[in-house]
Amino acid sequence: MPKLERGKASLPSSSFSPVVVQMETDSEESPFSSSSSSEGEEEEVGRVSDDEDERNDEEAVEGEEEDRAKKRRKAPITISLKKVCKVCKGTGHEAGFRGATYIDCPRKPCFLCKRPGHTTMSCPHRVAMEHGVIPAPRRNADTSLDYIFKRQLKAKIPMIKPTFVIPDHLDCGIIRFHSRRVTCLEFHPTRTHVLLSGDKKGQLGIWDYGKLHEKTVYGSIHSCIVNNMKFNLENDGVLYTSSSDGTVRCTDLETGTSFFLLDLNPEGWNGPATWRMLYGMDINVEKGLLLVADNFGYLYLVDGRLKTRIAGPILIHKKGSKVVGLHCNPVQPDLFLSCGNDHFARIWDARRLEAESSLASLAHGRVVNSAYFSPLTGNKILTTSQDNRIRVWDSIFGNLESPSREIVHSHDFNRHLTPFRAEWDPKDPSESLAVIGRYISENYEGVALHPIDFIDMSTGKLVAEVMNTDITTISPVTKLHPRDDVLASGSSRSLFIWKPKGGKSPEQQLLEGKSKKIFGRVEKKSSGKLDGESDDDFDFSSKEKKLRAKNLEGKYLSGQKKG
DNA sequence: AAGTGATGTAACC
DNA sequence: TGGTTACCCTCACT
């Protein structure tokens, strides 16, 4: 991808005085500074040390925060030796990890539910085995259309909800398979053990996890982020991919050769104002039509057989805003969902497409990462938004003004991670189970882990949190197998396959993708003495090393018998 | 083993 | 309105 032009960071020269280093003597120490700390003094650069300021800190309310921020900009820069909260710059507390537990800044709204007055630790929506659910203010009023729809489908929907089978056991994986972070995953529609993966660099991975060692990376499919993958319906040896390089490519999986179906940047790089990126993509099954949408709010239709663009650009979201997702209804493919950075998800009819012609607009608190129709009936909608809420609309024929349920769930980090997307379990006949990775970590026996959550969207309950002490990174990309009880997850540059406990897989094996290192840091053996062993929460590194050493024993060479 | 940088969005002015 | 800047749990590199 061409490098984005970045303005040089220029300091307003007149408003900054020379740096002053101010040492603080013991006698001058503020009574509000952290006195409980057993560790020595730490330096903090850039903090204005001003006695008046310090004293106010303890009672500071959020309004004053802004004033102080303004003051700070104009006041001389000094270096203070006091401990300072990295979030609010106040003293008397510190946000950050204490061992494997993250302590929030108490002056900021809750990091999970975004409401003020408490922190993540005491949030009523804190992820436990039961999720917080915000009920809809009113039930969806049934329309007559809804009634008919329900009657037609009711016979197909089992009355008794099945017990969910959760693939919660790490089966195998490839460490550092990709050279950049994984951005999307897709199971091959007919070759059961084949997993396709796209990455930030534009590469395409193919892995047969049944044969474990059979894996390929095609390096030159796209020039940057692969955002979406879809199989050609007539020939599943062919894959369509959409990318931030502004192209849709059609790739032969056997040979790795590919060609453009659509190129929105034929002129090349002329700056970010004109460079088009393709995020959302789906296929209209009935018509063999490819739907893609760009970062300026426009939709394009491409005929997969004729290999030509047949429509677009059509403005479907706020002009200039990114469309991040598209999904065709599984029952009525002419209906499709779009979602984007303008905080909306929209329902459209492909037969009557023009700007402003959406059938419904679903409002969200922030950017909508994804919007999906339910996999069997296509009657429900599941969305993931950056406001840390997963929403469900129980019927597209009902009242769409507000969701049927909102579930508070931590997934709002987006600067350096692939956006999280809650996805339906395609095998769940009751259309209620969904998977999504979790951003916020949980202290799991002294190690900070980021589980993959299975949520029953009909009740809002957390059905399972899937994790493994070998995987300490976040798993923003998850995919459930269309037929098997298998979960694939993409975490950083690695891929993992999960199966239910007691599944057929005899061993857990983690292959190396490229580097000879396996979990790099683990190679460094914890050297001898572990100090502070009894101090559970405060000795992250040694505890982690111990755990990992235990976990890694013999695993990579010989495989590990499952317990 | 602290520092660094690649990055997207929203809140500023 | 556009351009600049701040940003809370990253991750993998030095």
Side-chain angles (χ1 to χ4, degrees), chain A residues 1 3-12 15 42-46 65-66 69-70 72-73 85-90 93-112 114 119-121 123 127 175-176 178-183 199-201 224-225 227 244 271-273 277 279 295 318-322 324 340-343 365-369 385-388 410-420 437-444 447-451 471-476 490-494 513-515 517 519-521 524 540-541:
Chain A
M1 170 163 178
K3 284 196 173 169
L4 295 180
E5 284 168 2
R6 299 164 65 92
K8 280 182 186 171
S10 56
L11 292 171
S15 60
E42 278 178 18
E43 282 189 39
E44 185 68 28
V45 183
E65 190 66 37
E66 288 170 17
K70 279 177 194 166
R72 201 178 304 135
R73 252 169 257 142
C85 172
K86 66 180 177 187
V87 176
C88 74
K89 311 290 185 280
H93 67 276
E94 266 185 293
F97 273 108
R98 296 246 227 297
T101 306
Y102 192 91
I103 309 295
D104 277 0
C105 170
R107 298 214 185 119
K108 290 281 179 175
C110 172
F111 191 60
L112 212 200
K114 308 299 176 194
T119 63
T120 309
M121 291 295 270
C123 179
V127 177
I175 312 305
R176 298 176 209 233
H178 284 271
S179 53
R180 293 287 184 276
R181 63 167 210 250
V182 174
T183 54
D199 71 23
K200 194 173 151 292
K201 207 179 177 186
C224 62
I225 313 178
N227 290 308
S244 292
M277 311 188 208
Y279 283 82
N295 56 327
K318 185 180 169 187
K319 195 173 180 182
S321 75
K322 190 200 284 178
V324 283
N341 277 13
D342 63 355
H343 302 193
R366 292 240 257 135
V367 170
V368 190
N369 290 352
S385 170
Q386 294 284 40
D387 64 0
N388 263 3
S410 172
H411 53 252
D412 68 330
F413 193 74
N414 66 353
R415 194 154 49 141
H416 309 288
L417 291 176
T418 306
F420 291 85
R438 196 194 303 170
Y439 170 39
I440 211 162
S441 66
E442 200 70 40
N443 184 340
Y444 180 78
V447 188
L449 297 179
H450 307 264
I471 306 168
T472 53
T473 48
I474 295 171
S475 307
S491 189
S492 187
R493 293 149 52 180
S494 308
K514 283 183 178 171
S515 163
K517 286 184 195 169
F519 285 105
R521 286 184 290 161
K524 300 174 208 160
F540 175 50
S541 53

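Chain identifiers are assigned alphabetically (A, B, ...) following the order of the sequence lines, protein sequences preceding nucleic acid strands; residue numbering begins at 1 within each chain. Hydrogens, waters and symmetry mates play no part in the numbers below; they use all other heavy atoms, side chains included.
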### Message
For a quick test of reading the model: is some side-chain N or O of A:N341 closer than 4.0 Å to OP1 or OP2 of B:dG8?
### Response
no

### Task
Return yes when atom NZ of A:K318 has more than 12 non-hydrogen atoms of other residues, nucleotides or ligands closer than 6.0 Å, and no otherwise.
no

### Query
Of all heavy-atom pairs between A:C224 and A:S244, which one has the smallest distance, and what is that distance?
SG-C, 3.3 Å

### Message
Between B:dC12 and C:dC8, how far apart are the two P atoms, rounded to whole Å?
### Response
13 Å

### Task
Round to the nearest Å and state the distance from A:D412 atom CG to B:dA10 atom C1'.
13 Å

### Query
Taking atom C1' of C:dT5 as reference, at what distance in whole Å does atom CZ of A:R415 sit?
11 Å

### Query
With no angle test and no hydrogens, is the base of C:dC11 tied to the side chain of A:T473 by a donor-acceptor pair under 3.5 Å?
no

### Task
Rounded off to whole Å, could you give me the NZ-to-P distance for the A:K108 and C:dC8 pair?
6 Å

### Message
If the cut-off is 4.0 Å, is A:H343 near the phosphate of B:dA10, judged by side-chain N/O to OP1 or OP2?
### Response
yes

### Task
Provide, to the nearest angstrom, the distance between the CZ atom belonging to A:R180 and the C1' atom belonging to B:dA6.
9 Å

### Message
Counting only side-chain nitrogens and oxygens, does A:K200 get under 4.0 Å of the OP1 or OP2 atom of B:dA6?
### Response
no

#### Entry: side chain to side chain contact (heavy atoms under 4.5 Å, CB included) between A:K200 and A:H178, intermediate numbers included
CA-CA 9 Å; A:K200 194 173 151 292; A:H178 284 271; over 6 Å; no

### Query
How close or far is atom P of B:dG8 from atom CD1 of A:I225, stated in whole angstroms?
6 Å

### Message
What is the separation between atom CD1 on A:I471 and atom C1' on C:dC11, rounded to the nearest whole Å?
### Response
15 Å

### Message
Check this one for me: any side-chain N or O of A:R366 less than 4.0 Å away from OP1 or OP2 of B:dG8?
### Response
no

### Task
Could you list the residues that satisfy side-chain hydrogen bond (donor to acceptor under 3.5 Å, both in side chains) with A:N369, not counting sequence neighbours?
none

### Task
Grab the NZ-C1' distance between A:K114 and B:dA10 for me, whole Å please.
13 Å

### Task
Would you indicate which nucleotide in C:dC9, B:dT9, C:dC11 comes nearest to any side-chain atom of A:V367?
B:dT9

### Task
Take the protein atom CG of A:N227 and the nucleotide atom P of B:dG8, then report the distance between them rounded to whole Å.
10 Å

### Query
Atom CD1 in A:I103, atom CZ in A:R98: separation rounded to 0.5 Å?
5.0 Å

